[in-house]
2 protein chains.
Amino acid sequence: MSLPHAILTALLEKPSSGLELTRRFDKSIAYFWSATHQQIYRELGRLEAEGLIRALPSEQPARGQKREYEVLPAGRDELARWTAASQDPKPLRDVTLLRLRAAAVVGTAGLETDLRRHRELHARQLATYLEIEQRDFPPGKDGPQDRLRHLVLRAGIDLETFWTQWLDHALSEFAHLPDTDGTGRPGAGED
Amino acid sequence: MSLPHAILTALLEKPSSGLELTRRFDKSIAYFWSATHQQIYRELGRLEAEGLIRALPSEQPARGQKREYEVLPAGRDELARWTAASQDPKPLRDVTLLRLRAAAVVGTAGLETDLRRHRELHARQLATYLEIEQRDFPPGKDGPQDRLRHLVLRAGIDLETFWTQWLDHALSEFAHLPDTDGTGRPGAGED
DNA sequence: CAGCTTTGTGCAACTAGTTGCACAAGCGTG
DNA sequence: CACGCTTGTGCAACTAGTTGCACAAAGCTG
C-alpha cells in the first residue's frame, strides 16, 4: 500500500502529469520505489476519486490530452498520517540468495556467469548513485530536507556497495569450489 | 516465480509434508524467502500436477491426513535449469526509504519512534543470525555445501548490520534536525 | 498532406502474495 | 465421552504488481 504515497510525495515535490511522474519515478524515485506508467495512471485515478489529489483545471480533458495533478490538503494529511504510522519492516526476499541455496543442492553449474553480470550491474548502479551524490549534495547543501534526502541516497549507495562486495566474495568462493555438476548429494542437515 | 523453486530446494534437502515445510520456511528459508502455509500448500498442489514432485505413498490420503512429498528427477532438473538461468536483479523497493523521503516533504513528526523500533528489530535479527552462524558454521565445517550456505547467511548478517547502522545514522540526524511539523514547504528541486 | 515518431493516457488479463476462514483427525483431561 | 487444543490440509476472496496492448493528439519530414 505504498504506491499512492510515493505518488503523493512526488506530486507535493512538484505537480505533474502522469507521464512526467513516470519519468521522475524512473529517474529518481525508482531508487527505492519503482512503478510502471500503467500503475501510475491507475493510481492517479484512484487518488482523484478519493479526493486526495485533483487535476489542474485546463482546457478540455480528453484522451491523449495532458492532465496535471496537484495534491489537496486531504492528500497531504493522508501522507503525513501514513509516514508517522507504525509499520513492520517486511522480511528480505531475494532471488539471488535463493539461487545460491539451490546451487548448494543441485550444483553451481552455469551460475557464475550470471553472478558476474549482477556484480557489474550493481557496480554500475553504484557509480550512478555516486554521481548523483556529487551533483545534488555538495558540501554546502545541508538543510533539513537535503539531509533527509541524502540519507535515502546513502542507503542506496551503501546497499549497492554491499552487493558488489558480497558478489565479489561469492565469486571468489566459486573459484576454489570443486565444480559441482548437479549430482552432488546433500550431506549435512540444515536449519 | 521463485516460490516453487524454494520449495523444490527445501524438499531436496529433506522430503516433508506441507506443515513441516512451513515450519522450515519460518525457521530457515524465510531469511531470504518467506511464505505462508496457504501459499505452500497451493504450490505443492501445482508442483505435483506438473509432475515435479510426488506424494510419498502412504496409508489413505484424506483431508487432515499428513502427506509427505519428495522431488522427482524432473523437479531436480527444473531446479538446476532455473538456478543456472540468467535473471535480472530486481530493483530495490523499500517502504522505510519512501517514508523518509515523504518526511522530507510533510515533516518528520512521529517517524522517529518507529525508526527506533525498526532499529531494535534489525538488531535482534542480527543477533539471531550470529547465533545460527556460531551453531551451524564452526571453523571446521567448510565443505562446498557449507561454504555456499554460509555465504547466504553472511548476506543476511551483513544486511542486518547495514540496516542497524543506517538507522543509527538516520536517528542521529533526527536529533539535530529542526522539529518539522508538516507545514514545511519544499525548498529545493529534485532528481 | 500522407505517413512516422513522440507524447500522452488508459484498459484488460494475468501472476504472485496476503488474509480470513473452514474442516478433519488425534490427543489429553475433567 | 464431551470439550478444547494441536496438528494438518486446504479453499476463496482480495491486493498489489506485471505484461501486453490500444488509442488519441501533436509534431516532424518527405
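Residue numbering restarts at 1 for every chain, and letters A, B, ... go by the order of the sequence lines.
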Would you mind reading off the distance between [X] atom [atom1] and [N] atom [atom2], rounded to a whole angstrom?
X: A:K66; N: C:dT7; atom1: NZ; atom2: P; value: 11 Å
X: B:L21; N: D:dG10; atom1: CG; atom2: C1'; value: 15 Å
X: B:F25; N: D:dT9; atom1: CZ; atom2: P; value: 14 Å
X: A:I7; N: D:dA16; atom1: CD1; atom2: P; value: 13 Å
X: B:D94; N: D:dG17; atom1: CG; atom2: C1'; value: 17 Å
X: B:R67; N: D:dG10; atom1: CZ; atom2: P; value: 6 Å

Query raised in the report: Which pairs count as salt bridge (charged side-chain N to carboxylate O under 4.0 Å, His left out) when at least one residue sits in residues 83-98 of chain A, sequence neighbours excluded?
Result: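 Sorted pair list: A:D88-B:R117.
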
Query raised in the report: For A:H118, which residues count as a ring-ring contact (aromatic ring centres under 6.0 Å, His included) partner, sequence neighbours excluded?
Result: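 Listed in chain order: nothing, the list is empty.
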
Report task. With sequence neighbours left out, write down each residue that passes ring-ring contact (aromatic ring centres under 6.0 Å, His included) with A:W33, or none if nothing qualifies. Result ->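 Once residues adjacent in sequence are excluded, A:W33 has no partner under the ring-ring contact (aromatic ring centres under 6.0 Å, His included) criterion.
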
Query raised in the report: Going by heavy atoms closer than 4.0 Å, what residues in residues 37-50 of chain B are next to DNA chain D?
Result: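 Those residues whose heavy atoms fall under 4.0 Å from DNA chain D, taken from residues 37-50 of chain B in numerical order, are B:H37, B:Q38, B:Y41, B:R42.
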
Would you be so kind as to tabulate the donor-acceptor pairs closer than 3.5 Å made by side chains of residues 120-129 of chain B, with sequence neighbours excluded?
{"unit_1": "B:H122", "atom_1": "ND1", "unit_2": "B:E160", "atom_2": "OE1", "d": "2.6"}
{"unit_1": "B:T128", "atom_1": "OG1", "unit_2": "B:R124", "atom_2": "O", "d": "3.0"}

Query raised in the report: So which pairs with a foot in residues 81-114 of chain A pass ring pair (Phe, Tyr, Trp, His ring centres under 6.0 Å), sequence neighbours left out?
Result: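 Listed once each, the pairs are A:H5-A:W82.
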
Report task. For A:E173, enumerate each residue passing the side-chain hydrogen bond (donor to acceptor under 3.5 Å, both in side chains) test, keeping only those at least two apart in sequence or located in another chain. Result ->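 If we apply the side-chain hydrogen bond (donor to acceptor under 3.5 Å, both in side chains) test to A:E173, skipping adjacent residues, the hits are B:R147.
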
Query raised in the report: For A:D26, what residues pass the side-chain hydrogen bond (donor to acceptor under 3.5 Å, both in side chains) criterion, not counting sequence neighbours?
Result: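 Once residues adjacent in sequence are excluded, A:D26 has no partner under the side-chain hydrogen bond (donor to acceptor under 3.5 Å, both in side chains) criterion.
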
Query raised in the report: In terms of the nearest nucleotide of DNA chain D, which residue is placed more toward the 5' end: A:A35 or B:E20?
Result: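 Result: B:E20.
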
**Report entry** Nearest listed nucleotide, side chain of B:T36, among C:dG17, D:dA16, C:dT18
**Finding:**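 Closest nucleotide among those given: C:dT18.
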
Requested in this report: Would you indicate which nucleotide in D:dG8, D:dG17, C:dT7 comes nearest to any side-chain atom of A:R23?
Outcome: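 Minimum distance to the A:R23 side chain belongs to C:dT7.
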
Requested in this report: For DNA chain C, determine which residues of residues 82-93 of chain B have any heavy atom closer than 4.0 angstrom to one of its atoms, and list them numerically.
Outcome: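 Nothing qualifies; none.
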
**Report entry** A:R101 versus B:V152, closest heavy-atom pair with distance
**Finding:**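 It is N-CG2, 4.1 Å.
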
Report task. Return the orientation label for the A:W163 and A:W166 ring planes: parallel under 30°, perpendicular over 60°, tilted otherwise. Result ->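 Perpendicular: the ring planes of A:W163 and A:W166 meet at over 60°.
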
